[in-house]
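Below is one structure; the comments refer to it alone.
Below, read A as the first sequence line, B as the second, and so on, with proteins coming before strands; counting in each chain starts at 1. Just so you know, these numbers use all the heavy atoms, side chains as well, and skip hydrogens, waters and symmetry mates.
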Amino acid sequence: MSKENSNAAEDASSKPVDFIREIVARDVAEGTHGGRVQTRFPPEPNGYLHIGHAKSICLNFGIAQEFGGKCNLRFDDTNPSKEETEYVDSIKDDVRWLGFEWDQECYASDYFEQLYDWAEELIKQGLAYVDSGTLEEIREQRGTVNEPGTPSQYRDRSVEENLDLFRRMKAGEFPNGAHVLRAKIDMAAGNMSLRDPIMYRIMHTPHHRTGDKWCIYPMYDWAHGQSDSIEEVTHSICTLEFEIHRPLYDWYIAQLRIFPSRQYEFARLNLTYTVMSKRRLLELVQGKHVAGWDDPRMPTLAGIRRRGYTPEAIRNFCRTIGVTKYSGTTDLSVLENALRDDLNTRAERRMAVLDPLKVVITNYPEGESEELDAANHPADESFGTRKVPFGRELYIEREDFMEDPPKKFFRLGPGREVRLRYAYFVRCNEVIKDADGNVTELHCTYDPETKGGNAPDGRKVKATLHWVPVEQSIEAEVRLYDHLFRVENPSDVPEGGDFKDNLNPESLQIIDNAKLEPTLGNVNPGDKFQFERLGYFCVDKTSTAEKPVFNRAVTLKDTWQKVKSKG
RNA sequence: AGCCCGGUGGUGUAAUGGCAGCACAACGGAUUUUGAUUCCGUUAGUCUGGGUUCAAAUCCCGGCCGGGCUUCCA
């Protein structure tokens, strides 16, 4: 259960500017396109959206919102061999979940007819030709980054022949690979994308939206800019790797004399301990290294959502990282911190014991119990309180007891007194062990005077422990997640290595018998709580009333872990 | 190597010719019925060499380093 409220950090008053927003602001001020702002988010439906896309979504939709413009959702579906409807559905879900609504839902495939007509126009202008060379020939003739390419032998075909061939390509008269349509630009250009780029290839593959109407499909460069232009996109925002394509983007628009969309590029998001490429994410899914696209360890929006991340946290994260042209790598802790920040103010507190150690309160009357008041949020009374049953037998976290505690350990030990959260002070009198010497049970006494957690005589304790009653607690499965990769840069592998070699074998730890306070018995998938002293947890989609399942979204900051590891 | 783009504390960013600021991380302290939160403080930066200027992170030139491009992918 988390409280709905608007996050102050999202107020426009703290609106940061980046170089793209500066450009947009300037264009609006100068009245370019009548001050109209039109952006678009253009995913290819061949995979799930990830946190990197969130950066682009926040930028494109955010700019439209801030400048009174519109943002389209456009599927760049020009390669039917890799694209599926499953992906368009998940993409729409993810964009909406992030909190954005598009103006128009567009598909590059809706423009195939227009694109085809424009291609004929270019042919008629002598600016495009059909190349009948093989894939290998074309590749060889392209040259390298050092050497200019050489013109294809088909480069000077007549307009009539080109038109005839192109029409027959469209009509399905040729097999895959027999011909391509190329723009006639400059085979010696320093910019490789200008060396007579391919506009169409023959692909006898049904398309998820156009069926088998087409057997020629446009390439990215030919489809993308023209789609922008058709939608009268004013600011076409994409990532840095397309920067070198910009001259081609401009060239097509200039030759066609169509709406002059402009392209701007920013650095894509890189996160430590994370891989972001769709190819690699697909590999993780298909290789069953994770349980699917929405595995909570995945950086996909679906995974992150299932993990327990909120749209607000992700939007705040995107605001924090900014937008630049520098390709850096953001610490994963920045993302995690954004979640803590958000959930700290909104998540109700509960108690759960993950690794139970039984405690018997020897001076508490047998067979009795009572209900104690616990605050749902320590800093916000409006969250109210709940009752937590207390009795003679309890569970505490095994980690909260040490038989021979070091000086910096504040928690329970033989002869020590600590507070049980919202309950009483208890003192440990006896440590029960099994034959192997493992601690199986603690015998403690409680001080009835300290009910609620304060001592009338003013004495202090150094620690407050969370706990649950043995009798009334419920059992649950709790999944603890750690980084999917054990190194900051998973792609950094030695010669012959694979990024999967860097997978963290301990990225998922399943606890199937965690003990939860009884109020946690009635929850719904997606509900989020802070388990006090442990972290933020989210009810998984597989959770049932009989067997609740919680995912740990993120731990709390843990100073003790730091102290402990430093020795 | 050729072309394009970048380089500000450990990391991500702000300063757009005029006091180098913010966030995360780290470290120290205060408060605390979560070793959480909150609050205060500390450490730490303009890649490098030259030039222009009263004044350069910012403008110019060279170097160094990093990213991208050499798919009938997007």
Between Glu22(A) and Arg26(A), does any side-chain N to carboxylate O distance fall below 4.0 Å? no
Taking any heavy-atom pair under 4.0 Å as a contact, classify Glu22(A): base, sugar-phosphate, or nothing. base
Provide, to the nearest angstrom, the distance between the OH atom belonging to Tyr249(A) and the P atom belonging to G68(B). 23 Å
Under 4.0 Å from OP1 or OP2 of U37(B): is there any side-chain N or O of Lys557(A) that close? yes
Counting the atoms with a prime plus P, OP1 and OP2 as sugar-phosphate, which does Arg419(A) contact under 4.0 Å by heavy atoms, base, sugar-phosphate, or nothing? base
By the 4.0 Å heavy-atom rule, please label Phe242(A) as base, sugar-phosphate, or nothing. base
Base, sugar-phosphate or nothing for Gly133(A)? Non-hydrogen atoms, less than 4.0 Å. base
With sugar-phosphate meaning primed atoms plus P, OP1 and OP2, does Pro378(A) contact a base, only sugar-phosphate, or nothing at under 4.0 Å between heavy atoms? base
Between Tyr48(A) and Trp293(A), how do the two ring planes meet: parallel, tilted or perpendicular, split at 30° and 60°? parallel
Just by distance, do the side chain of Asp77(A) and the backbone of Ser109(A) share a donor-acceptor pair under 3.5 Å? yes
Taking only side-chain N and O atoms of Arg279(A), does any of them lie within less than 4.0 angstrom of OP1 or OP2 on C73(B)? no
Could you check whether Gly328(A) gets within reach of a base, just the sugar-phosphate, or nothing at all, counting any heavy atom under 4.0 Å? sugar-phosphate
OP1 or OP2 of C27(B) versus the side-chain N and O atoms of Lys562(A): is any pair under 4.0 Å? yes
Between Arg268(A) and G67(B), is there a contact of a side-chain N or O with OP1 or OP2 at under 4.0 Å? no
Determine, using ring centers only, whether Tyr273(A) and Phe485(A) are less than 6.0 Å apart. no
Ring-face cation of Lys170(A) near Tyr116(A) (centre distance under 6.0 Å, axis angle within 45°): yes
Distance, nearest 0.5 Å, that separates CG of Leu59(A) from NE2 of His53(A): 13.5 Å
Please work out if Val334(A) contacts a base, only the sugar-phosphate, or nothing of the nucleic acid, heavy-atom cut-off 4.0 Å. sugar-phosphate
N/O (side chain, Thr559(A)) to phosphate O (OP1/OP2, A36(B)) under 4.0 Å: yes
Heavy atoms under 4.0 Å, any strand shown: does Thr134(A) hit a base, just sugar-phosphate, or nothing? base
Closer than 4.0 angstrom, basic N to acidic O: yes or no for Asp558(A) and Lys562(A)? no
Which range-with-range stems can be found for RNA chain B when each stem has 3 or more Watson-Crick or G-U pairs in a row and both distances sit under 3.5 Å? B:2-7 with B:64-69, B:10-13 with B:21-24, B:26-30 with B:38-42, B:47-51 with B:59-63
Under 4.0 Å, counting only non-hydrogen atoms across every strand here, what does Gly535(A) touch: a base, just sugar-phosphate, or nothing? nothing
Are OP1 or OP2 of A74(B) and a side-chain N or O of Thr78(A) less than 4.0 angstrom apart? yes
Give a yes/no answer on whether the side chain of Arg533(A) brings an N or O atom under 4.0 Å of OP1 or OP2 in G35(B). yes
It should be established whether Arg411(A) places a side-chain nitrogen or oxygen under 4.0 Å from OP1 or OP2 of nucleotide U34(B). no
Could you tell me whether the side chain of Arg182(A) and the main chain of Asp196(A) form a donor-acceptor pair under 3.5 Å? yes
Report yes if at least one side-chain N or O of Thr324(A) is closer than 4.0 Å to OP1 or OP2 of U13(B); otherwise report no. yes
